[in-house]
Amino acid sequence: MAETKVSSEIRLDGAYRSIELWRNNVGVLRNQDGTPVRYGLANTSKKVNREIKSSDLIGITPVFITPDMVGKLVGVFTAVETKAENWVFNQNDKHCLAQKNYHDIVLKAGGYAGFATCVKDFRKIIRHDQN
């Protein structure tokens, strides 16, 4: 399955679970004066973008809180890097390592993040893999 289809299926599954997921385009364009304008998360400079690449899908996963906050709902930052169905992580690929660096930042802060080649991977990322 192509990455575009994987992304679409994950977004549909997210919507079913009340998870908002938005496409995060990242890049650089030149304005009318020829000045580079960077866009997308974690793309503040060429140097930063080499080390940290934000995910394809960015969103908020609603999580019901434990007894100390009964009845409250919090949104957990969610970052999903979609890949084609046959993709395998390559430790020597600098692009993939920069994407993993972003996931590590999100996970360390208590968010959900990871690579997904299918809806099942997405459910593991958001800890709904029992469904």
Next on the checklist: Under the salt bridge (Lys or Arg N to Asp or Glu O under 4.0 Å) definition, can you give me all pairs with a residue in residues 26-54, not counting sequence neighbours?
Outcome noted: none
Item to check | Taking every non-hydrogen atom, the tightest pair across V48 and S45 | outcome: N-OG, 3.0 Å
Going by atom type alone, with no hydrogens or angles, which donor-acceptor pairs under 3.5 Å involve a side-chain atom of residues 21-28 and a protein atom two or more places apart or on another chain?
unit_1	atom_1	unit_2	atom_2	d
R23	NH1	D56	O	3.2
R23	NH1	D56	OD1	3.3
N24	OD1	L41	N	3.4
N24	ND2	S54	OG	2.7
N24	ND2	S55	O	3.1

Checklist outcome for this item: Rounded to the nearest 0.5 angstrom, the CD1-CZ distance for I19 and R11 is 12.5 Å
Next on the checklist: Under the salt bridge (Lys or Arg N to Asp or Glu O under 4.0 Å) definition, can you give me all pairs with a residue in residues 77-106, not counting sequence neighbours?
Outcome noted: E81-K83, K100-D104
Checklist entry - Between V119 and Y16, is a side chain to side chain contact (heavy atoms under 4.5 Å, CB included) present by the stated rule, with each step listed? => result CA-CA 12 Å; V119 169; Y16 173 76; over 6 Å; no
Checklist entry - Pairs in or reaching into residues 105-119: which pass salt bridge (Lys or Arg N to Asp or Glu O under 4.0 Å), with residues at least two apart or in two chains? => result none
Checklist entry - Sub-3.5 Å donor-acceptor pair from the side chain of S7 to the main-chain atoms of E3, do we have one? => result no
Checklist entry - Can you get from I60 to V76 by hopping between Ile, Leu, Val, Met, Phe, Trp and Tyr side chains that sit under 4.5 Å apart? => result no
Item to check | By salt bridge (charged side-chain N to carboxylate O under 4.0 Å, His left out) - contacts of E9 (at least two apart) | outcome: K5
Checklist entry - Would you say I58 and V6 are hydrophobically clustered, going by side-chain heavy atoms of ILVMFWY under 4.5 Å? => result no
Checklist entry - In chain order, what residues pass the salt bridge (charged side-chain N to carboxylate O under 4.0 Å, His left out) check against D13, with sequence neighbours excluded? => result R17, R123
Checklist outcome for this item: Sorted by chain and residue number, the side-chain contact (heavy atoms from CB on, under 4.5 Å) partners of V80 (sequence neighbours excluded) come out as I10, L57, T78, T82, A116, F122, I125
Checklist entry - Which ring-ring contact (aromatic ring centres under 6.0 Å, His included) pairs, counting each pair once, include a residue from residues 76-98, with sequence neighbours left out? => result W87-F115, F89-F115
